**Q** 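Could you have a look at this structure, given as structure tokens, before my questions?
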Number of protein chains: 2
Amino acid sequence: MKEGPDIAQIGSLMGDPARANMLTALMGGRALTATELAAAAGVTLQTASSHLAKLEAGGLLTQRKQGRHRYFALADDGVGKLLEGIMGFAASRGHLRHRPGPKEPALRKARICYDHLAGDFGVRMLDSLIEGGSISAMGEGLSLTAQGETHLGSIGIDVSGLRSSRRPLCRSCLDWSERRAHLAGSLGKALLSNFLDKGWARRTENSRSIFFTPEGERRFLALFPIEASDLS
Amino acid sequence: MKEGPDIAQIGSLMGDPARANMLTALMGGRALTATELAAAAGVTLQTASSHLAKLEAGGLLTQRKQGRHRYFALADDGVGKLLEGIMGFAASRGHLRHRPGPKEPALRKARICYDHLAGDFGVRMLDSLIEGGSISAMGEGLSLTAQGETHLGSIGIDVSGLRSSRRPLCRSCLDWSERRAHLAGSLGKALLSNFLDKGWARRTENSRSIFFTPEGERRFLALFPIEASDLS
DNA sequence: TTCATACTTCGATCGTAACCGAAGCATCTC
DNA sequence: GAGATGCTTCGGTTACGATCGAAGTATGAA
């Protein structure tokens, strides 16, 4: 009866609304200070501090001191993957915090999922890469083709450099808003960075949504075309 | 701030030890009555009833009335997948309920993971199928080869029948005890059923562990050989 | 040094939810 | 029908943990 890993510990860590809000905020990928996280969770600084200590002790967060600030971030991309998995599940059961605020549509269109692009744009990008033969899909697995390596190289992605990292190049990640897969892994991260570097898009403050400039959106859509017969 | 799916709801559902024990018990794959689950969780029947109602309302469980019994089971394999994901994560962070009881080694050797084989034997089986060319792996994706279809057909697995189901044939599932992948999906389920039908192994009462008979174990190991140069 | 900012620790309050006893339904057996 | 079993609902207790005020520590600025 006392066998196996303990679900309850991490469950209760994520089960508190304040902590869940903090984790969701950190899914934005960048490290945040205790004060910022307190604001995101809607609690005072003392309370936030206590929550953050628990999350860190639980192995979900890491802390980095920098001057008089303490920056917190998700411990690794395993945490991000887990959170996205739970979000997808929660969405599938209708557990939405659905006061469909003004930022909601922007979030569905394009947002950051830990370190890569998600939402409508993220799903479209992967679909287009598969249709164009740059990525081949097998079950839940994705792999970059030789053609894809050339293609992405021409955009400015150094694939061979990514290959040397310990992290998988391509991973599929279930998108909670679209209920379909988008591209994660080091390649997904590199692509998003590429768009941000080129100025096609930028992050927004205090939200996980990604804002595409009109020009950036035009170029993105041109770069990742999809079949007209899209039924969604 | 109030954007996206609500992690906290399902987090708190799994965060209570009694409920976590119930869910873990149901990972055994078979439906259990309220009384059995109360015993598994170590609470009285009234308390269990309340927990079960919450889990059902949260979409994690389904209920089936049969006579004066009520059988509860995981709502679908999405729940199983989620739970296994969390177990793997919890194990990776050392969140074990580790009073390494007498049943622990048996659980690591062979256990049921919702509906398929996990543990050392589960990992070995997948490794062997990949080595033998029956399954090809690409990233996290798995697919059955033509050779594999013939091979498994000779054991008595009707692959074409499985293909017609809506559920994916092959899926990789991260094993929390071995920290490597084992085979899930409808094929994983069919293989386990096959072993049970042949009498090679049987389920144990009140535990997720799978007991192999000496003869069954011999045949299993012969059927799924692995390279001698196994470093584990 | 003095003051301000960032954060943690302590202590006390308070609400919620887990828990069980007892009573109430439902279903099966005889 | 009467009695047993399986489970739910109700009511009241209890304990845990989330919360914040206040005080304490660390870092930086003046």
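All values derive from a computational prediction rather than experimental measurement. Naming convention: chains lettered A, B, ... in sequence-line order (proteins, then strands); numbering from 1 in each chain.
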**Q** Quick test of your reading of the model: are B/K81 and A/E140 salt-bridged, counting only N-O distances below 4.0 Å?
**A** yes
**Q** Please say which of A/L13, A/L83, A/L82, A/I86 ends up in a side-chain contact (heavy atoms from CB on, under 4.5 Å) with A/L23.
**A** A/L83
**Q** Which donor-acceptor pairs under 3.5 Å do side chains of residues 181-191 of chain A form with protein atoms, sequence neighbours excluded?
**A**
| unit_1 | atom_1 | unit_2 | atom_2 | d |
| --- | --- | --- | --- | --- |
| A/H182 | ND1 | A/D175 | OD2 | 2.8 |
| A/H182 | NE2 | A/H116 | NE2 | 3.2 |

**Q** Under a 4.0 Å N-O cut-off, is there an ion pair linking A/R19 with A/E56?
**A** no
**Q** Kindly indicate whether a cation-pi arrangement holds for B/R218 with B/W200, taking the cut-offs as under 6.0 Å to the six-membered ring centre and within 45° of the axis.
**A** no
**Q** I need the NE2-P distance between A/H69 and C/dA4, as an integer number of Å.
**A** 17 Å
**Q** Given atom CG of A/L37 and atom P of C/dC7, what is their separation to the nearest angstrom?
**A** 9 Å
**Q** Using OP1 and OP2 only, check whether a side-chain N or O of B/H51 sits under 4.0 Å from C/dC19.
**A** yes
**Q** What are the two closest heavy atoms between B/D6 and A/A90, and how far apart are they?
**A** O-CB, 3.8 Å
**Q** Measure all distances between protein nitrogen or oxygen atoms and nitrogen or oxygen atoms of nucleotides 12-16 of chain D, and list the pairs falling under 3.5 Å.
**A**
none

**Q** Roughly, in whole Å, what's the span from OH in B/Y71 to P in D/dG6?
**A** 10 Å
**Q** Atom CG of B/L45 and atom C1' of C/dC20: how far apart are they, to the nearest Å?
**A** 11 Å
**Q** Using whole Å, what does the distance between atom P of nucleotide C/dT5 and atom CD of A/E36 come to?
**A** 17 Å
**Q** Touch check for B/A48, heavy atoms < 4.0 angstrom, all strands: base, sugar-phosphate only, or nothing?
**A** nothing
**Q** Once you round it to whole Å, what is the distance between P of C/dT8 and CG of A/L55?
**A** 12 Å
**Q** Compare the minimum distances between each of D/dC7, D/dA18, D/dC20 and the side chain of A/K54, then state the nucleotide with the smallest one.
**A** D/dA18
**Q** State whether a side-chain donor-acceptor pair under 3.5 Å links A/S50 with A/T47.
**A** no
**Q** Using only side-chain N and O atoms of A/T47, determine if any of them is under 4.0 Å from OP1 or OP2 of D/dA18.
**A** no
**Q** Once you round it to whole Å, what is the distance between P of D/dG17 and CG of B/D16?
**A** 11 Å
**Q** Please confirm whether the shortest side-chain N or O distance from B/S49 to OP1 or OP2 of D/dC7 is below 4.0 Å.
**A** no
**Q** When the distance from CD of A/Q46 to P of C/dT8 is rounded to whole Å, what number comes out?
**A** 11 Å
**Q** Go through the steps to decide whether B/D115 and B/R167 satisfy the test salt bridge (Lys or Arg N to Asp or Glu O under 4.0 Å), and finish with yes or no.
**A** CA-CA 13 Å; B/D115 62 3; B/R167 190 175 167 197; 2.9 Å; yes
**Q** At under 4.0 Å between heavy atoms, what does B/S50 touch on the DNA or RNA strands: base, sugar-phosphate, or nothing?
**A** nothing
**Q** Write out a two-atom table: protein N or O, nucleotide N or O from nucleotides 25-30 of chain D, distance below 3.5 Å.
**A**
| unit_1 | atom_1 | unit_2 | atom_2 | d |
| --- | --- | --- | --- | --- |
| D/dT27 | OP1 | A/K65 | NZ | 3.4 |

**Q** When you look at B/T44 and B/Q46, which way does the side-chain hydrogen bond (donor to acceptor under 3.5 Å, both in side chains) test go after all the steps?
**A** CA-CA 6 Å; B/T44 63; B/Q46 311 89 288; 3.2 Å; yes
